S.K.: 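Have a look at the structure that comes next, please.
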Amino acid sequence: MNTDDLTRDLARAFPADTDHLNRLHDRLVDAAQAEGILDVVYRDVDSPVGPLLLAATDLGLLRVAYASEDHDAVLRALAERIGSRILHAPARLDTVARQIEEYFDGRRRSFDVPLDWRLSQGFRQTVLRHLPEIGYGHTASYATVARLAGSPKAVRAVGTACATNPLPVVVPCHRVVRSDGGMGGYLGGVDAKRTLLTLESAA
Amino acid sequence: MTGKQPFEAVVTTHGATVLRVCRAVLGGNDADDAWSETFLSAMKAYPDLPSDANVEAWLVTIAHRKAIDVTRATARRAIPVAQTPDTAATSTVDGHGLDGDLADMLTALPPKQKQAVAYHYLADLPYTDVAAILGGSIDASRRAAADGIATLRRAYPRVPTRKGEPR
């Protein structure tokens, strides 16, 4: 018996199967939660605009990310900015995941979950906080949103705020369009924006 | 990328190895407790871990200490319990029992030998790291692992080796 055989046999003699590791992982989430050492929890949710990453802190939903943003990169950025004690904990995000599913089924018009706004600062956050005033199924121009946010001339800044929205879908930056009727850009891609607007206009 | 990986990546990358090591050193339910204690404690300390640290060696070091704690706690409440059937591995003709036998044999080794074998062969740590965990010299760790392996080889000849080969 050579060393490689022995290593392989030892690994087989002390198995670590996926189900068992998943149970230990769940225990770790519970223990970390009880000790208050979790910075961020996250999960995926499927949607017609691709898998969405949902990340939350104790304060509320922190981040929604499209696949095009690279979920791993988003989580690394959260580790840098918020804290590295991040765990995959789907059950902790059941409420928001269910609301997102209801939204895409056309059964929900607004979201009712606490939000953690800390990834957006200053005027950008002011802009984003006004976006829910654009009702479901409606759109508003960048200029209108600038007026809503109290700075009628800050049209470009509104564009930037929407383009860097950390909470797309839930904070409806997709309802902000160009004054000439054009759709304007979208951080999840123009196709995703069209899908959301079509969904809302159909309901 | 200078920053630190989310802790989830640490769990998914090293969770299996740490569980194998805990099972080798402790066996049974105690291994689960040691695994849980290890990752909870690692998670607390994670923000202060230097980003160039060897994460696996760090985790095995914590697991080593937690295993000692768990062993002591178990010894303190030592109430004899009936042997449960699934812990008593039985040899079978098709070879299924061999893994269980090997596990039993490793667990029966003296602690230093068992730990040296687990940390070097299961966790793949170099002897410098094994020695740092166990204390003592690198040579002493290497010897402990070699002695342990020699015992395993004597007690656990792989069967069958090759057709017609003398056993």
Side-chain angles (χ1 to χ4, degrees), chain A residues 1-44 53 55 62-63 70-90 92, chain B residues 1-12 14-27 31-33 35-49 51 89 98-107 117-118 120-122 124 149 152-153 156-159 161:
Chain A
M1 173 165 62
N2 64 34
T3 302
D4 285 349
D5 285 341
L6 182 69
T7 302
R8 198 195 52 224
D9 289 348
L10 278 172
R12 217 172 46 195
F14 299 101
D17 63 275
T18 310
D19 284 352
H20 195 94
L21 284 166
N22 287 343
R23 281 198 300 279
L24 289 174
H25 184 284
D26 289 348
R27 255 171 79 170
L28 178 64
V29 171
D30 291 344
Q33 182 86 15
E35 299 252 359
I37 56 169
L38 265 174
D39 294 321
V40 176
V41 292
Y42 72 94
R43 71 172 284 166
D44 274 350
L53 172 77
L62 172 76
R63 188 76 164 88
D70 183 352
H71 291 174
D72 284 343
V74 170
L75 289 170
R76 282 198 303 275
L78 292 179
E80 190 98 320
R81 186 141 170 206
I82 307 296
S84 54
R85 294 185 288 203
I86 298 178
L87 286 179
H88 181 242
R92 312 270 150 177
Chain B
M1 192 71 217
T2 54
K4 207 166 275 180
Q5 293 259 52
F7 193 73
E8 178 68 26
V10 172
V11 183
T12 49
H14 304 288
T17 299
V18 171
L19 181 58
R20 292 182 202 286
V21 165
C22 291
R23 283 184 162 168
V25 174
L26 289 166
D32 286 357
D33 290 343
W35 188 99
S36 300
E37 292 287 323
T38 297
F39 277 97
L40 187 62
S41 165
M43 194 168 167
K44 283 181 194 161
Y46 188 59
D48 298 323
L49 183 74
S51 51
L98 290 177
D99 301 335
D101 287 350
L102 182 58
D104 289 346
M105 281 162 200
L106 183 75
T107 341
V117 169
H120 182 70
Y121 287 94
L122 273 175
D124 207 20
I149 291 294
L152 294 182
R153 277 188 209 279
Y156 176 69
R158 265 175 77 76
V159 282
T161 40

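Numbered from 1 within each chain, the chains take letters A, B, ... in sequence-line order. Values reported hereafter were calculated over all heavy atoms of this structure, with side chains retained and with hydrogens, waters and symmetry mates removed. These numbers come from a predicted model, not from an experiment.
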S.K.: Would you find a donor on one side and an acceptor on the other, under 3.5 Å apart, between the side chain of A/R85 and the backbone of B/P47?
M.R.: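 Pair absent, no side-chain N/O of A/R85 close to backbone of B/P47.
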S.K.: Got a sec, which residues hit ring pair (Phe, Tyr, Trp, His ring centres under 6.0 Å) with B/H14, two or more places apart in sequence or on another chain?
M.R.: none
S.K.: Heavy atoms only: give me the nearest A/L21-B/L19 pair and the separation to one decimal.
M.R.: CD2-CD2, 3.9 Å
S.K.: Heavy atoms, side chains only, cut-off 4.5 Å: are A/H25 and B/T12 in contact?
M.R.: no
S.K.: Where is the tightest heavy-atom contact between B/A103 and A/A13, given as atom of each residue plus distance?
M.R.: CB-O, 3.7 Å
S.K.: Per the side-chain contact (heavy atoms from CB on, under 4.5 Å) rule, which among A/V74, A/L75, A/V40 passes with B/P6?
M.R.: A/L75
S.K.: So, taking the atom named CD1 in A/I86 and the one named OH in B/Y46, what distance separates them when rounded to the nearest 0.5 Å?
M.R.: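 Taking CD1 in A/I86 and OH in B/Y46, the distance rounds to 9.0 Å.
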S.K.: Check B/K4 against A/S84 and note the closest heavy-atom contact, atom names and distance.
M.R.: CD-OG, 4.2 Å
S.K.: Is there a donor-acceptor contact under 3.5 Å from the side chain of B/R20 to the main chain of A/A11?
M.R.: yes
S.K.: Could you walk me through whether B/D33 and A/R27 pass side chain to side chain contact (heavy atoms under 4.5 Å, CB included), step by step?
M.R.: CA-CA 10 Å; B/D33 290 343; A/R27 255 171 79 170; 3.0 Å; yes
S.K.: Give the intermediate values and the outcome of side chain to side chain contact (heavy atoms under 4.5 Å, CB included) for residues A/D39 and B/F7.
M.R.: CA-CA 10 Å; A/D39 294 321; B/F7 193 73; over 6 Å; no
S.K.: Name the member of B/A31, B/A118, B/A24 that forms the most heavy-atom pairs with chain A at distances under 4.5 Å.
M.R.: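 Most heavy-atom pairs under 4.5 Å with chain A: B/A24.
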S.K.: I want to check something: taking the side chain as every heavy atom from C-beta on, are A/V41 and B/E8 in contact at a cut-off of under 4.5 Å?
M.R.: no
S.K.: Is there a side-chain contact between A/H20 and B/D32, using heavy atoms and a 4.5 Å cut-off?
M.R.: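 A/H20 vs B/D32: side chains touch.
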S.K.: Could you look at B/L106 and say if it's the side chain, the backbone, both or neither that has a heavy atom under 4.5 Å from chain A?
M.R.: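 Contact with chain A: side chain only.
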S.K.: Please assess A/L24 against B/S36 for the test side chain to side chain contact (heavy atoms under 4.5 Å, CB included), listing each intermediate value before the final yes or no.
M.R.: CA-CA 7 Å; A/L24 289 174; B/S36 300; 3.9 Å; yes
S.K.: List for me each residue that meets ring pair (Phe, Tyr, Trp, His ring centres under 6.0 Å) alongside B/H120, sequence neighbours excluded, and say none if there are none.
M.R.: B/Y127
S.K.: Can you give me the closest heavy-atom contact between A/L28 and B/V11, atom names plus distance?
M.R.: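 Closest approach of A/L28 to B/V11, heavy atoms only: CD2-CG2, 3.9 Å.
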